[in-house]
Amino acid sequence: LNQYQTMHDDDKVDTDLLLEVLHYINRSSYGEGAILVFLPGWQEISEFSMLLESIPPFNNRSRFLILPLHSGIPSADQRKVLRRPPEGTRKIV
């Protein structure tokens, strides 16, 4: 951890690490539980959502539901995160 902290800029989101963690969770977990990802702001949320939607296996819309959540999006879109996804679909918020 100390080595990683000296090599990484704390002001930037390490998307490579975040993707690896999501891949690990997807491979190693059982069930369809949601994955909650915390990011610092709308720009990072938006960029990471677009990245996920373009990378296998997360770009498979029948298996993954990518739902960005931020106070700046419309309330109707915010409420989508509370709905249960279709069976066999994992939600990433």
Side-chain angles (χ1 to χ4, degrees):
L1 181 59
N2 288 336
Q3 183 179 9
Y4 173 80
Q5 289 174 328
T6 60
M7 295 171 30
H8 180 69
D9 179 1
D10 287 340
D11 292 330
K12 289 180 62 183
V13 173
D14 188 342
T15 54
D16 292 332
L17 177 61
L18 190 49
L19 281 172
E20 284 300 316
V21 169
L22 289 176
H23 280 289
Y24 176 80
I25 291 169
N26 186 52
R27 282 190 315 265
S28 63
S29 63
Y30 299 99
E32 301 165 358
I35 301 172
L36 183 59
V37 178
F38 288 91
L39 293 166
W42 174 245
Q43 180 174 339
E44 292 86 357
I45 292 168
S46 178
E47 289 172 359
F48 193 70
S49 295
M50 289 189 299
L51 178 64
L52 277 182
E53 291 172 345
S54 69
I55 294 177
F58 306 111
N59 64 347
N60 182 340
R61 293 180 189 248
S62 65
R63 289 186 53 218
F64 295 95
L65 180 60
I66 313 298
L67 296 170
L69 180 62
H70 186 272
S71 64
I73 65 173
S75 297
D77 291 333
Q78 290 181 29
R79 284 191 293 273
K80 289 179 185 177
V81 303
L82 302 174
R83 295 186 193 131
R84 185 174 298 274
E87 188 160 334
T89 302
R90 176 169 248 170
K91 189 169 31 172
I92 302 177
V93 180

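Small disclaimer: the values here were computed from a predicted structure and weren't measured. Positions are given from 1 along the sequence. As a basis for the values below, the full set of heavy atoms in this structure was taken, side chains included, without hydrogen atoms, waters or symmetry mates.
- Put simply, the side chain of Leu36 does not reach to within 4.5 Å of the side chain of Ile92, judged on heavy atoms.
- The minimum heavy-atom distance linking His23 with Pro56 is given by the pair CE1-O, 3.6 Å.
- A side chain to side chain contact (heavy atoms under 4.5 Å, CB included) with Val37 holds for exactly one of Leu52, Val21, Leu18, Ile45; it is Leu18.
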Would you check, one step at a time, whether the test side-chain contact (heavy atoms from CB on, under 4.5 Å) holds for Leu39 with Val13? CA-CA 8 Å; Leu39 293 166; Val13 173; 3.7 Å; yes
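- A donor-acceptor pair is defined here as one N or O able to donate and one able to accept, closer than 3.5 Å; no such pair exists between the side chain of Ser46 and the backbone of Trp42.
- Taking 4.5 Å as the limit, every side-chain heavy atom of Phe38 sits out of range of all side-chain heavy atoms of Val93.
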Output side-chain donor-acceptor pairs under 3.5 Å for residues 61-75, partner residues at least two apart or in another chain, one line each.
residue: Ser62; atom: OG; partner: Asn60; partner atom: OD1; Å: 2.6
residue: His70; atom: ND1; partner: Gly72; partner atom: N; Å: 2.9

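- Taking Arg84 as the reference, nothing meets the side-chain contact (heavy atoms from CB on, under 4.5 Å) condition, with sequence neighbours excluded.
- There is a path of hydrophobic side-chain contacts, each under 4.5 Å, that joins Ile35 to Leu17.
- Partners of Tyr24 by side-chain contact (heavy atoms from CB on, under 4.5 Å), not counting sequence neighbours, listed by chain and number: Arg27, Ser28.
- With sequence neighbours excluded, the residues forming a side-chain hydrogen bond (donor to acceptor under 3.5 Å, both in side chains) with Asp77 are Lys80, listed by chain and number.
- For Leu82, the side-chain contact (heavy atoms from CB on, under 4.5 Å) test picks out no residue, with sequence neighbours left out.
- Nearest heavy atom pair, residue Pro85 against residue Lys91, reads CD-CE, 4.1 Å.
- For Glu47, the side-chain hydrogen bond (donor to acceptor under 3.5 Å, both in side chains) test picks out Gln43, with sequence neighbours left out.
- Residues Ile55 and Leu19 are in side-chain contact: their nearest non-hydrogen atoms beyond the backbone lie under 4.5 Å apart.
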